[in-house]
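A quick write-up on the structure given underneath.
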Amino acid sequence: MALLEIENLHASIDDKPILKGLTLAVEAGKVHAIMGPNGSGKSTLSAVIAGRPGYRITEGTIRYRGEDITGMDPEKRAQAGIFLSFQHPVEIPGVAFTTFLKSAINAQRKARGEGEIEITEFLKKIKQAARDLEIPDAMLKRALNTGFSGGEKKRAEVLQMTVLEPTLMILDELDSGLDIDALRIAAEGVNRLRSPERGFLCITHYQRLLDLIVPDVVHILVDGRIQRTGDPSLALELEERGYGDFIPAQAGQ
Amino acid sequence: MVKQETIETVREATEAYKYGFVTDIESDMAPKGLNEDTIRFISAKKEEPEWMLAWRLKAYRYWLGQTEPTWANISHAPIDYQDSYYYAAPKNPADGPKSLDEVDPQLIETYNKLGIPLKEQEILAGVAIDAVFDSVSVATTYKKQLGELGIIFCPISEAIRNHPELVQKYLGTVVPYTDNFFAALNCAVFTDGSFVYIPKGLKCPMELSTYFRINERNTGQFERTLIIADEGAEVSYLEGCTAPQRDENQLHAAVVELVALKGSRIKYSTVQNWYPGDENGVGGIYNFVTKRGICKENAHISWSQVETGSAITWKYPSCVLQGDGSSGEFYSVAITNNAQQADTGTKMIHIGKNTTSRIVSKGISAGKSNQTYRGLVKMLPGADGARNYTQCDSLLIGDRCGAHTVPYIENRNPAASIEHEATTSRISDDQLFYCLQRGLGTEEAIALIVNGFCKEVLQTLPMEFAVEAQKLVSVSLEGSVG
């Protein structure tokens, strides 16, 4: 049984079909990359796995650890260990990064029937993770994502991911808006989390991210479906030839 | 215990007396309704001097000729002022407890239920507490320590008896009985409240705190608070309210007067969490409050308020910046949910030169509640170099609530500067989903976002109140979504 199993998923937004029969499985211990052109359904895929309201699933199922989560509330999915690293992390003015993260940890612990995290343990965790990601202490005290640069936002996502210890991680265009140094730091942060129990879905346009987070499997998503699946060399092939070859005949007409 | 002599004294002292006492003075309650006898009864119960009763009666007669103001953006069934009790003493008042140990254990239990362990606060926070419970002060702590410094912190009824010169000099000077309908009513029937006097040049070494509670069924509460900071003095005063569930609307009309003499500073913080009624607003408190402070030369008054309770809130803590170089601040968070109505804001009256004021108002409306910020910034001709900054933000939760901003600006001095910023926003779906994706429930997420929205104001509260206020924000918004 794979960690994440998506079968024949059809999803639409405002009655416009985006995913049109997507099938995908991510095993524990593996990194799967999803590559695709703009409008292919990459962000919709990450949104529906995380349970974002506003999308209508018309057909198909999403299973996580064998359980059907297709209609599950987003917070329940998060509490069960699904983490979405946002392409555009959201600003929440007035809420300090640490306050937010502590609230999130405690909400997840509460859902598991555990007590609140010890403040010293929490601080130790967050400070260690911050050091690894070259995030200055001052940033931890600032309001969540408010006035953060693109690089800071993405590193803050990886910091949250590190401290929340999820099982399935969806990285929605981790590389967008990052310069090469910030990307390297963020990617190293992700690589540190790789383990036999964890699965990753790494959504990107570019090979450069996959040079840093080397995937086990690469999928090409075009027009709401996985058009091809292969090993990391598929990404290189794509880089050379573009998406043209992968666009099905009926699409784009 | 009121002595027969007192009754006689009052009787003799009051010319207007003609109805006689229809009530047993030993009774714990004045009979239902409002007339001159009710006022005499209260005054006698409080063993007040003649001048006090005379002032009350003047206020009452003035009030009789007034009508309720109708300009606020609130609506309610007519209030029957004859259908309320105006005085209720707690059980076994005797001479009043000398210490907390003497306080009725049931009362202590009520405090504990409300999350305010009096003893713990006293020990841990070093806060002196003057608890008003059903109109009579039952516990005053730290009085001795403060007394040694020359600070007077006591129930106002006691101050009227023991410090008549101070009370007579200042009572009604900031909010006269002619000020408005509810202030006039308060002047006539106020039962108790707090009195603070900080002597010249002294910084009060602790936060002063009063917890008002409404407990007797159907009893209007009319607190009266007077705080005087003498020249160069400093004081921070905290007021907080929580009331248990009620079935009928309760009228509440408090008056707070602050007198900040030359170079002094007064900080007045409120967390107001009175029963807002059920989801249709039934049974909630009607809160019509007049709060105002006067600043002499280089004096400073800062109001901070967190308003989450009451069915109706009508409240405009204000500053009269009379002295040159004086400054006023108003920081407010108002949260309305369900059927609550709030019309609240401030008035900054700039009279002196180089006076400054700052207004930061954060309004959160949820459910089918309705909220109005109403503020006046007035620059008088003599207010050369005066400055005001106003920031007024509204946050809407759901699509059945309302938020209104009514800023009045009157500038009669071309050398004054006035800045006003206002925003209205909603909690975005993006923000909400981001929080949910991290495992927070919807209500937790909203509480967190709203706390962030209010942060600038919550930060102005003293530490222990800031924590309580954050919890209140969550509690107040329960059931606001879904």
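Computed from heavy atoms alone, side chains included, the values below leave out hydrogens, waters and symmetry copies. Proteins get letters first, then strands, A, B, ... in listed order; numbering begins at 1 in each.
Between the OG1 atom in A/T99 and the CG atom in B/N451 there is a gap of 9.5 Å [rounded to 0.5 Å]. Residue B/L440 holds its CG atom at 5.5 Å from CZ of A/F100, rounded to the nearest 0.5 Å. Note that the OG1 atom of B/T442 and the CD atom of A/E75 stand 5.0 Å from one another [nearest 0.5 Å]. How far CZ of B/R438 is from CG of A/L101: 9.0 Å, rounded to the nearest 0.5 Å.
Considering only heavy-atom pairs separated by less than 4.5 Å from chain B, the leading option among A/R52, A/Q79, A/Q160 is A/R52. Interface check for chain B: of the options A/V95, A/L84, A/I92, the most heavy-atom pairs under 4.5 Å are formed by A/L84. Between chain A and the residues B/L448, B/I449, B/I427, the most heavy-atom pairs under 4.5 angstrom are made by B/L448.
The interface of residues 130-157 of chain A with chain B, defined by heavy-atom distances below 4.5 Å, comprises A/L144, A/N145, A/E157.
When side chains are defined from C-beta on, A/P93 does not count as touching B/F453, because their heavy atoms never get closer than 4.5 Å.
Proximity to chain B involves both the backbone and the side chain of A/A50, based on heavy atoms less than 4.5 angstrom apart. For a residue to count as touching a neighbouring chain, one of its non-hydrogen atoms must lie under 4.5 Å from one of that chain's; by this rule B/Q431 touches chain A with backbone and side chain alike. Interface remark: A/L164 contributes side-chain atoms only to the contact with chain B (heavy atom separation under 4.5 Å). Heavy-atom distances place the backbone of A/E91, and not its side chain, under 4.5 Å from chain B. Proximity to chain B is absent for every atom of A/R77, based on heavy atoms less than 4.5 angstrom apart. Neither the backbone nor the side chain of B/C454 has a heavy atom closer than 4.5 Å to any heavy atom of chain A.
Sorted pairs that involve residues 65-74 of chain A and meet salt bridge (Lys or Arg N to Asp or Glu O under 4.0 Å), not counting sequence neighbours, are lacking altogether. Residue pairs meeting the side chain to side chain donor-acceptor pair (under 3.5 Å) criterion with at least one member in residues 24-33 of chain A, sequence neighbours excluded, are A/E27-A/H32, A/H32-A/H219.
The 12-atom threshold is exceeded at CD of A/E5, counting heavy atoms of other residues, nucleotides or ligands nearer than 6.0 Å. Applying the 6.0 Å contact sphere to CZ of B/R387 captures no more than 12 heavy atoms from other residues, nucleotides or ligands. The 12-atom threshold is not exceeded at CG of B/D429, counting heavy atoms of other residues, nucleotides or ligands nearer than 6.0 Å. The number of heavy atoms from other shown groups lying within 6.0 Å of NZ (B/K368) is above 12. Heavy-atom neighbours of A/R192 CZ from other residues, nucleotides or ligands within 6.0 Å: above the threshold of 12.
Looking at every heavy atom in both residues, B/G439 comes nearest to A/A78 through N-CB, 3.4 Å. Summarising the geometry of A/G51 relative to B/F433, their closest heavy-atom pair is C-CE1, 4.0 Å, with the distance given to 0.1 Å.
Side chain of B/Q437 to backbone of A/I82: a donor-acceptor contact under 3.5 angstrom is found.
With sequence neighbours excluded, the residues that form a side-chain contact (heavy atoms from CB on, under 4.5 Å) with A/E121 are A/I117, A/E118, A/K125.
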